[in-house]
Every structure is written in C-alpha cells, then in structure tokens.
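Quick notes on the structure that follows.
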Amino acid sequence: MAASMNHTVLPPGPDDRELLTALKYVLAGQEDVTISTAEGSAPLPDSVRGLLVDAVTALDRGQAVTVEPHRTVLTTQEAAELLGITRPTLVR
C-alpha cells in the first residue's frame, strides 16, 4: 500500500445495522476469528482484530471511519502533521 492511500467508510444504513451488530459480537468474543472465502481461509491476527473492533465500534456510534497507512518511522514534520501541531511544538 502506498502511504497516500486511504479509505473512508460511512456508517451503515438501517438495513445493515443487524450485520454490524453481528460483527461486533463475533469480534468481541474470546474465540479465534478466521476469515474464509472460496479460495481458502486465514486466521485474523490480534492486531487486525483490534483495528476491526475499533472501526466497527465507531461505525456503530454513527461515525465515519478512515483507514490510512503510515510508515512506522516518521519525520518530525510528518509526526507534527499527524498530531495536528506545528513541527517546532513537537520538537519542544
């Protein structure tokens, strides 16, 4: 994924609320979660599961969710922009 790629999801309409509730129930459980398709299946890592729990919770609250990849090492300018502060403030 490129660093500039992002994807925003709006809260679901009334027809999809039951699906969202079912997804929250599955993700909140203690059982391992596996993603399956006709091509195969793969276990869902805890880090991805946590991301999905956060996203589904926000959608359930009526909030939009944006997922945007970032490099693991940022410049001070990139970190300041991410935090919404100036670079000198970050450095201080």
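For this chain, numbers begin at 1 and follow the sequence in order.
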Checklist entry - Ser41 and Thr34: which non-hydrogen atoms are nearest, and at how many Å? => result CB-CG2, 3.8 Å
Next on the checklist: Testing Val53, Leu52, Leu19, Val56 one by one against Lys24 for a side chain to side chain contact (heavy atoms under 4.5 Å, CB included), which residue passes?
Outcome noted: Val56
Item to check | Transitive ILVMFWY side-chain link Val48 to Val65, under 4.5 Å | outcome: yes
Item to check | Pair Leu44-Leu27, side chain to side chain contact (heavy atoms under 4.5 Å, CB included): steps then yes or no | outcome: CA-CA 10 Å; Leu44 194 63; Leu27 291 171; 4.2 Å; yes
Item to check | Rounded distance [0.5 Å steps], CG in Leu74 versus OG1 in Thr72 | outcome: 8.0 Å
Checklist entry - Atom OG1 in Thr75, atom CD in Glu81: separation rounded to 0.5 Å? => result 7.5 Å
Item to check | Test item: Leu83 and Leu90 side chains (from C-beta on) under 4.5 Å apart, heavy atoms | outcome: yes
Checklist entry - Is the shortest heavy-atom distance from the side chain of Leu59 to the side chain of Pro12 under 4.5 Å? => result yes
Item to check | same_hphob_cluster(Leu51, Leu23) at 4.5 Å side-chain heavy-atom cutoff | outcome: no
Item to check | Spatial distance of atom OG1 (Thr86) from atom CZ (Arg92) [nearest 0.5 Å] | outcome: 6.0 Å
Next on the checklist: Checking Asp60 against Arg17 for the side chain to side chain contact (heavy atoms under 4.5 Å, CB included) test, could you report, in this order, the C-alpha distance in whole Å, the side-chain angles of both residues, the deciding distance, and whether it holds?
Outcome noted: CA-CA 8 Å; Asp60 191 45; Arg17 292 298 295 218; 2.8 Å; yes
Checklist entry - Do the non-hydrogen side-chain atoms of Thr57 and Gln63 ever get within less than 4.5 Å of each other? => result no
Next on the checklist: Under a 3.5 Å cutoff, is there a donor and acceptor pairing between the side chains of Glu39 and Thr37?
Outcome noted: yes
Checklist entry - Leu20, Tyr25: one ILVMFWY side-chain cluster at the under-4.5 Å cut-off? => result no
Checklist entry - Val33 versus Arg49: any side-chain heavy-atom pair under 4.5 Å? => result yes
Checklist entry - Looking at CD of Glu68 and CG of Leu82, how far apart are the two atoms once the value is rounded to the nearest 0.5 Å? => result 8.0 Å
